[in-house]
2 protein chains.
Amino acid sequence: MLDRDRCLVRNFKHYCALDETEAELLAALEKTPQTVSNAQMLWEENHFAETLCVLSEGWACSYRSMDDGTRQILNIFLPGDVVGLSDFSPRRHLTSVAMLTEGVICRFPFKNLTDIFTTSPRLTTVLFSLAGQQQAIMAERLVNMGRRTAREKVAHFICEMHLRLRKTCPDITHRFNLPLSQQVLADVLGLSAVHVSRTFSELREEGLLYRERNRIEIPDLEAFYDVANFSDIYLGDSISELLKLIENDGSTLR
Amino acid sequence: MLDRDRCLVRNFKHYCALDETEAELLAALEKTPQTVSNAQMLWEENHFAETLCVLSEGWACSYRSMDDGTRQILNIFLPGDVVGLSDFSPRRHLTSVAMLTEGVICRFPFKNLTDIFTTSPRLTTVLFSLAGQQQAIMAERLVNMGRRTAREKVAHFICEMHLRLRKTCPDITHRFNLPLSQQVLADVLGLSAVHVSRTFSELREEGLLYRERNRIEIPDLEAFYDVANFSDIYLGDSISELLKLIENDGSTLR
DNA sequence: CGTCGGTTTGACCATACTCAAGGACTGTGG
DNA sequence: CCACAGTCCTTGAGTATGGTCAAACCGACG
């Protein structure tokens with residue numbers, strides 16, 4: 001198995017040492033890689049939820065379609081993310097998920113997840129934390145939608161993406177690739193595509209942000225974070241800290 | 001221990017049979033009941049997260065404070081809810097939590113949660129599902145904020161509360177108590193208090209919704225659900241169905 | 001070279017915000 | 001029993017942010 005097929009194992013090793021059993025449990029989630037094209041749907045709203053999946057390569061998003069034909073995007077997924085964790089509770093998917101670029105996904109059945117619950121409390125904890133992180137991202141977006149101007153919304157979202165990408169590619173500084181059209185951004189931020197365009201123009205004229213095709217450039221990060229009122233704590237991954245808590249006093253653990 | 005002190009056990013029994021060990025694990029979460037007054041804070045944003053808590057009686061909400069003094073409420077908690085599940089990942093609380101009425105809470109340390117992970121895969125599954133449900137509610141609210149008018153927002157939120165309350169008090173029909181001021185509703189919905197007032201007036205004049213103090217009356221539920229574009233699937237608790245899935249093929253379980 | 005998706009720009013409009021004043025009700029102390 | 005403060009709600013007038021519609025543009029790609 002190639003390393004690029006073991007996104008999750010790599011990801012999790014970042015948080016805690018894995019023994020063989022654990023590595024196997026995780027690797028089991030990525031046993032069925034499958035290439036998918038841009039805009040391909042992984043599943044649809046209301047359909048029976050048979051599998052989750054790991055996004056090994058490419059970008060995806062979950063969304064809800066509205067009656068009037070518009071949609072609200074709820075989450076953007078990056079390589080290494082587990083997609084569908086939040087759809088775990090109801091047996092039907094609450095959201096549709098579609099690719100935003102071409103990529104590689106690995107579907108796996110719920111059963112693998114419950115296997116992890118029964119076998120490894122440590123992995124369970126990490127999974128719980130991952131779900132929590134996704135929720136934190138959504139909470140932040142809720143704040144964004146409710147209490148910020150279009151300008152702040154756009155800036156804040158760019159900051160979020162910038163930071164999330166830096167976590168896996170620490171060499172990113174003030175330039176990065178953002179394969180999202182203005183229509184997609186509008187669907188994320190609850191704005192119209194036209195207004196997103198105007199907002200980009202505004203930011204460009206002020207020299208705060210340049211965007212060309214999918215290329216983003218932020219000349220002065222600090223100034224830009226300021227526009228967005230961006231605070232990064234909600235993305236802080238203190239999972240490893242959390243695990244320490246368990247291991248230190250949790251003699252019952254393994 | 002009185003039954004009213006074992007909110008969670010009662011709640012969980014709704015989903016699956018509990019053996020003694022499991023009941024004890026859950027009861028452990030409610031060992032330290034504590035009465036709290038209206039508006040009392042359970043914890044504050046950015047503070048070190050030492051405990052979660054079970055809300056045994058009363059209503060509470062989590063929120064994020066903005067620089068300009070306003071706030072965005074993220075979640076409303078009802079009796080029986082576990083508060084802070086989403087704050088599990090980062091060691092600091094990402095949101096403040098305050099009571100909306102007087103009530104009773106039971107704080108418990110993270111350790112209890114990880115104990116459950118190590119001991120009972122079934123409870124773990126249910127907890128995971130509960131976290132998922134809370135996320136589903138937030139997702140729905142995100143849709144609400146991004147893609148609906150003030151009128152729909154207000155109506156939708158009332159519907160959500162109506163349904164959530166009915167789950168624990170099935171005798172509620174078209175009248176119920178909603179102890180939330182218009183300012184609080186505004187903070188939930190990303191509107192101004194003034195506009196919430198106008199919206200209520202509009203709905204009242206159309207005979208769709210009456211509100212007096214904290215009393216809500218919905219003369220025609222179907223018509224009202226229609227105004228809200230409300231679909232109840234996201235609140236459907238299919239946890240029990242999910243557990244069946246585990247038990248049926250999961251011979252490893254217990 | 002023409003088509004297509006994505007973007008830009010303008011003109012106009014609507015939804016919801018702000019500010020401000022007044023009203024209704026509750027609880028308090030005289 | 002009344003005066004008062006305090007909270008919550010209502011209503012009006014003016015404004016602003018962002019939506020809609022429509023046309024033109026631009027670069028990619030067949």
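Model, not experiment: these values are computed from the prediction. Each chain gets a letter, A, B and so on, in the order the sequences are listed, and its residues count up from 1. Side-chain atoms are counted along with the backbone in the values below, which use heavy atoms only and exclude waters and symmetry mates.
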Between [X] and [N], is there a side-chain N or O to OP1/OP2 distance below 4.0 Å?
X	N	answer
A:Ser201	C:dT9	yes
B:Thr149	C:dT15	no
B:Gln182	D:dT10	yes

Value in whole Å for how far the [atom2] atom of [N] lies from [atom1] of [X]:
X	N	atom1	atom2	result
A:Arg213	C:dT8	CZ	P	11 Å
B:Glu212	C:dT26	CD	P	10 Å
A:Glu202	C:dG10	CD	P	14 Å
A:Asp187	C:dG5	CG	P	16 Å
A:His195	C:dG6	NE2	P	21 Å
B:Asp68	C:dT18	CG	P	9 Å
B:Glu205	D:dC9	CD	C1'	14 Å
B:Arg215	D:dC8	CZ	C1'	19 Å

Between B:Asp81 and B:Arg164, is the side-chain contact (heavy atoms from CB on, under 4.5 Å) condition met? List the steps.
CA-CA 11 Å; B:Asp81 283 342; B:Arg164 283 176 67 188; 3.2 Å; yes

Please tell me whether A:Thr149 and A:Glu152 have a donor and an acceptor in their side chains that are separated by less than 3.5 angstrom.
yes

Considering only distance and modelled atom types, tabulate donor-acceptor pairs under 3.5 Å from the side chains of residues 185-195 of chain B, sequence neighbours left out.
{"residue": "B:Asp187", "atom": "OD1", "partner": "B:Gln183", "partner atom": "NE2", "Å": "3.1"}
{"residue": "B:Asp187", "atom": "OD2", "partner": "B:Arg71", "partner atom": "NE", "Å": "2.8"}
{"residue": "B:Ser192", "atom": "OG", "partner": "B:His195", "partner atom": "N", "Å": "3.2"}

Does a side-chain N-to-carboxylate-O contact under 4.0 Å join B:Glu50 and B:Arg107?
no

So A:Ser192, base contact, sugar-phosphate only, or nothing? Heavy-atom distance under 4.0 Å.
base

Categorize A:Arg151 for me: base, sugar-phosphate, or nothing, with a 4.0 angstrom heavy-atom threshold over every strand shown.
nothing

Pairs of donor and acceptor atoms involving the side chains of residues 219-226 of chain B, under 3.5 Å and at least two apart or interchain, shall be tabulated with distances.
{"residue": "B:Asp220", "atom": "OD1", "partner": "B:Glu222", "partner atom": "N", "Å": "3.1"}
{"residue": "B:Asp220", "atom": "OD1", "partner": "B:Ala223", "partner atom": "N", "Å": "3.2"}
{"residue": "B:Tyr225", "atom": "OH", "partner": "B:His162", "partner atom": "ND1", "Å": "3.4"}

If you assign A:Arg211 and A:Arg198 each to the DNA chain C nucleotide with the nearest heavy atom, which residue ends up on the more 5' nucleotide?
A:Arg211

Consider the side chain of A:Ser197, meaning its heavy atoms from C-beta on, and name the nucleotide among C:dT9, D:dT10, C:dG6 that approaches it most closely.
C:dT9

Starting at the 5' end of DNA chain D, which residue's closest nucleotide do you reach first, B:Val194 or A:Leu191?
B:Val194

Side-chain donor/acceptor of A:Arg148 to base of D:dT17, under 3.5 Å
no

